[in-house]
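As the structure is a computational prediction, the values presented were derived from the model and not from experiment. Each chain gets a letter, A, B and so on, in the order its sequence line appears, and its residues count up from 1.
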Protein chains: 2
Amino acid sequence: MRRRRVTISDVADRLGLTKSTVSRALNGYDDIAEGTRRRVEKMARRMGYRPLSHAQAIRTGRTRSLGLVLQTDVHDAHRPFLADFLAGLTGEASGEGWALTVASAEGEAGMLATLERLIEEHKADGFILPRTRVRDPRVELLRAAGVPFVLYGRTGDPQGCAWYDILGEEAMRAAVLRLAGHGHRRIGYVGGGAGMNYALLRRAGYLAGLGEAGLAADPALMCHGAVTPEEGRAATEALLELDRPPTAIVFAVDMAALGAYDAAARFGLGIGRELSVIGYDGIPEGAWARPGLTTYHVDSRRAGARLAHLLIARIRGVAPEQLRELEPARLLRRQSDAPPVLASAGLAERIAANNT
Amino acid sequence: MRRRRVTISDVADRLGLTKSTVSRALNGYDDIAEGTRRRVEKMARRMGYRPLSHAQAIRTGRTRSLGLVLQTDVHDAHRPFLADFLAGLTGEASGEGWALTVASAEGEAGMLATLERLIEEHKADGFILPRTRVRDPRVELLRAAGVPFVLYGRTGDPQGCAWYDILGEEAMRAAVLRLAGHGHRRIGYVGGGAGMNYALLRRAGYLAGLGEAGLAADPALMCHGAVTPEEGRAATEALLELDRPPTAIVFAVDMAALGAYDAAARFGLGIGRELSVIGYDGIPEGAWARPGLTTYHVDSRRAGARLAHLLIARIRGVAPEQLRELEPARLLRRQSDAPPVLASAGLAERIAANNT
DNA sequence: CTCGCTTCCGAAACCGGTTTCGGCAAGAGC
DNA sequence: GCTCTTGCCGAAACCGGTTTCGGAAGCGAG
């Protein structure tokens with residue numbers, strides 16, 4: 001019972017024009033009289049005409065659709081925010097008449113294969129690449145294929161890259177200064193995923209914070225590659241078993257920070273008392289941990305919206321160098337950080353006593 | 001530097017055939033000689049030919065793409081599972097050469113407008129509808145438009161509907177029996193969102209469980225419409241302030257169950273001790289609450305995969321009555337439920353004493 | 001040998017748009 | 001009054017596929 005769509009020819013017939021004239025009138029060609037253009041636009045609106053994007057695509061090569069490939073085998077911090085991220089992306093995109101095509105892949109090889117397939121089938125005019133690595137094969141693939149893309153994050157070789165990113169390094173720096181302000185003198189660091197670009201930046205931010213606070217960087221106080229609670233627990237235990245353990249730890253990712261709660265429990269330490277913890281990401285689990293996890297929150301919805309905006313501009317031909325945005329994370333003050341109740345030496349004794 | 005795509009004409013020329021022959025060979029027409037078909041298929045594979053789905057769509061009217069519209073203003077339990085859900089959807093879809101088009105909308109009016117736009121622009125051949133209501137305007141819209149769809153959940157008027165759903169009612173029933181098995185005699189219930197179809201079913205499951213356990217249903221022990229921690233806290237407090245409070249509460253949604261932790265803390269009750277709690281959904285926050293929340297978990301990835309499968313079948317013309325699947329939820333045993341340490345009367349005294 | 005029936009493929013139309021090209025009419029220039 | 005622009009639109013090709021239609025072979029039957 002569905003009525004036939006109204007096509008461009010329907011509009012043309014109704015006006016006594018040809019479809020070529022209607023098409024040019026609607027697409028802003030300058031060889032159409034102003035009065036005609038207005039008549040066409042009015043009639044198109046009145047008849048409810050909407051061009052079929054895939055019909056346009058076959059001639060123009062533009063699908064008016066953005067591509068996003070999710071990697072299904074990594075349980076990263078972005079997952080709880082995916083709904084917001086997608087809301088931002090699609091909200092901004094649909095405002096401009098664009099759609100979002102989502103695919104998923106397992107592993108790096110799968111990711112590249114999926115991207116190639118989407119490019120080959122021209123399912124999208126450009127791609128959003130989250131979770132950027134320092135050296136990112138997706139970037140190389142898209143660069144070589146000449147397909148527009150925009151990064152959620154930065155990368156090692158910025159040539160030809162547009163991006164939106166949150167200043168994780170500034171958050172790490174601020175976290176160290178905040179802890180130093182509490183009176184902590186030994187502040188540990190548990191870094192994020194190996195190869196990830198954010199890991200490099202956040203680590204630098206931690207070091208910058210130490211320098212600014214007048215504290216010496218101690219390599220023994222720095223761990224890396226912890227992105228799950230289990231890894232975070234192991235890293236925290238290793239730090240706490242040092243001769244001079246940290247009284248506070250900054251985590252590059254919240255998931256790892258949650259592991260500190262287990263480690264602290266094992267040694268009979270109170271989070272926000274004997275051990276202060278600050279995370280990054282703002283995952284909802286952090287609000288339900290006890291005490292609540294102090295962390296830096298990222299506005300994923302805004303990130304999605306900005307990325308859609310940037311990618312559409314990129315597809316329209318704006319130079320990538322002009323499409324780079326950086327914004328700060330926002331501190332969520334909760335209860336996992338406070339002035340130390342024990343100095344490092346006292347903490348070491350307590351830990352040794354409780355270490356079974 | 002991108003090389004031109006290989007088109008159907010390229011394949012035809014290479015074989016000395018016309019593109020019409022190649023097209024029919026590839027699409028299984030029976031007026032093509034078996035030998036020719038094989039030659040065509042082999043050459044197409046060798047040349048890496050992939051038809052452009054939007055070029056096909058203009059003639060066939062099939063985009064080979066599934067549509068999903070997310071509602072951005074509801075913070076439902078599905079959100080943490082969205083990544084899994086999408087992975088399931090796209091994994092299954094891409095296996096059959098289909099893509100997923102995602103859009104978002106705010107409010108019911110926005111949802112319907114977005115669906116209409118997607119239908120009008122033919123962005124998808126069919127739609128997945130999560131979060132079904134008893135009377136669902138999306139169903140009415142799609143039914144009237146003659147567009148295929150499949151529900152994640154059931155609905156009041158099943159006519160013309162295909163669906164995949166988890167047996168939430170069975171989980172509620174099992175939760176009651178489990179608590180009764182612990183020795184609880186007064187078991188409360190906090191139901192889910194008004195108008196949602198699952199709320200009706202889970203409530204019925206709770207009542208069925210009571211009956212089966214030989215316990216009388218007490219209307220005073222049943223609350224409704226709690227889907228956030230705050231609402232869950234309020235509902236729990238109301239139940240606990242009864243003259244004969246429940247010693248255990250079953251929650252239709254985990255988010256509300258988390259609120260019970262706050263309510264219990266206020267009255268000085270231990271979860272899994274003076275008050276037992278069982279939830280439903282399996283959200284990750286439940287694992288980080290202390291004690292861990294016993295709940296029923298839904299495999300969102302599988303749900304996505306099955307829904308994609310069902311929808312593709314539906315689009316291909318299978319009758320909706322043959323496309324209905326129901327599966328059980330899986331119990332996650334944690335520490336929030338146990339035998340009662342106080343009977344209802346004793347509990348009431350304790351609560352009265354602690355109620356400030 | 002002819003006729004009729006299959007089998008198999010080419011030619012051409014078609015889908016809904018975009019873009020190129022050419023031409024008519026009106027106005028400008030002389 | 002004639003040419004030369006310029007403005008504006010129609011005709012037709014095109015994009016990459018699908019589908020309809022018709023006809024040339026090949027084959028068996030009479």
Side-chain angles (χ1 to χ4, degrees), chain A residues 2-41 43-44 47-65 97 99 119-123 125 316, chain B residues 2-41 43-44 47-65 97 99 119-123 125 316:
Chain A
R2 73 177 84 170
R3 66 195 184 292
R4 225 175 52 75
R5 287 191 69 264
V6 11
T7 72
I8 196 170
S9 301
D10 297 335
V11 178
D13 290 351
R14 188 72 163 272
L15 287 164
L17 296 170
T18 61
K19 60 177 186 171
S20 70
T21 303
V22 172
S23 172
R24 277 171 300 164
L26 258 23
N27 290 322
Y29 278 64
D30 59 1
D31 63 347
I32 299 293
E34 193 49 37
T36 307
R37 180 193 312 284
R38 271 200 296 272
R39 276 203 311 143
V40 169
E41 282 171 352
M43 180 59 77
M47 297 178 70
Y49 167 68
R50 290 168 132 1
L52 236 39
S53 68
H54 53 262
Q56 312 188 96
I58 146 179
R59 185 73 220 256
T60 63
R62 290 274 174 81
T63 313
R64 282 223 314 276
S65 137
I119 294 171
E120 191 66 39
E121 298 182 1
H122 211 113
K123 291 283 192 189
D125 299 327
R316 288 187 174 145
Chain B
R2 72 178 86 169
R3 64 196 185 292
R4 223 174 54 73
R5 286 189 70 263
V6 11
T7 72
I8 196 172
S9 301
D10 296 336
V11 178
D13 290 352
R14 188 71 164 273
L15 287 164
L17 296 170
T18 61
K19 59 178 188 171
S20 71
T21 303
V22 173
S23 173
R24 277 171 300 163
L26 258 22
N27 290 323
Y29 279 64
D30 59 2
D31 63 346
I32 299 293
E34 193 48 38
T36 306
R37 181 193 313 284
R38 272 201 296 272
R39 277 205 310 142
V40 169
E41 282 171 352
M43 180 58 78
M47 296 177 71
Y49 167 68
R50 290 168 138 351
L52 236 38
S53 68
H54 54 262
Q56 311 189 95
I58 145 178
R59 184 73 220 253
T60 62
R62 290 276 174 81
T63 312
R64 281 225 314 277
S65 136
I119 293 171
E120 191 66 38
E121 299 183 0
H122 211 112
K123 290 286 191 187
D125 299 327
R316 288 187 174 144

Earliest and latest nucleotide of DNA chain C, 5' to 3', sitting under 4.0 Å from a non-hydrogen atom of chain A?
dG16(C) to dC21(C)
Walking DNA chain C from its 5' end, the first of Arg37(B) and Arg50(A) to be reached, judged by nearest nucleotide, is Arg37(B)
To the nearest 0.5 Å, how far apart are CG in Leu52(A) and CD in Glu121(B)?
8.5 Å
In whole angstroms, the gap separating P of dG7(D) from CZ of Arg24(A) amounts to 15 Å
Considering just the side-chain nitrogens and oxygens of Thr21(A), establish if one lies under 4.0 Å of OP1 or OP2 belonging to dC9(D).
no
Can you tell me how far P of dC9(D) sits from CG of Leu17(A), to the nearest Å?
7 Å
In terms of heavy-atom contacts, does CZ of Arg37(A) have more than 12 from other residues, nucleotides or ligands at under 6.0 Å?
yes
So which one's nearest nucleotide on DNA chain D is more toward 5', Ser20(B) or Gly16(A)?
Gly16(A)
How about CZ on Arg62(A), more than 12 heavy atoms from neighbouring residues, nucleotides or ligands closer than 6.0 Å, or not?
no
Side-chain N,O (Thr36(A)) to OP1/OP2 (dC8(D)) below 4.0 Å
no
CA sep, side-chain torsions, deciding dist, call: Ser23(A), Ser20(A), side chain to side chain donor-acceptor pair (under 3.5 Å):
CA-CA 5 Å; Ser23(A) 172; Ser20(A) 70; over 6 Å; no
Between P on dG22(D) and CG on Asp31(B), what's the gap in Å once rounded to a whole number?
15 Å
What is the distance from atom CD1 of Ile58(A) to atom CD of Gln56(B), rounded to the nearest 0.5 Å?
11.0 Å
Remember a base hit wins even if backbone is also touched, and classify Ser23(A) as base, sugar-phosphate or nothing at under 4.0 Å, heavy atoms.
base
Whole-Å distance, Lys19(A) NZ to dC9(D) P, equals 18 Å
Matching residue for Ser53(B) among Lys123(A), His122(A), His54(A) - test: side chain to side chain donor-acceptor pair (under 3.5 Å):
Lys123(A)
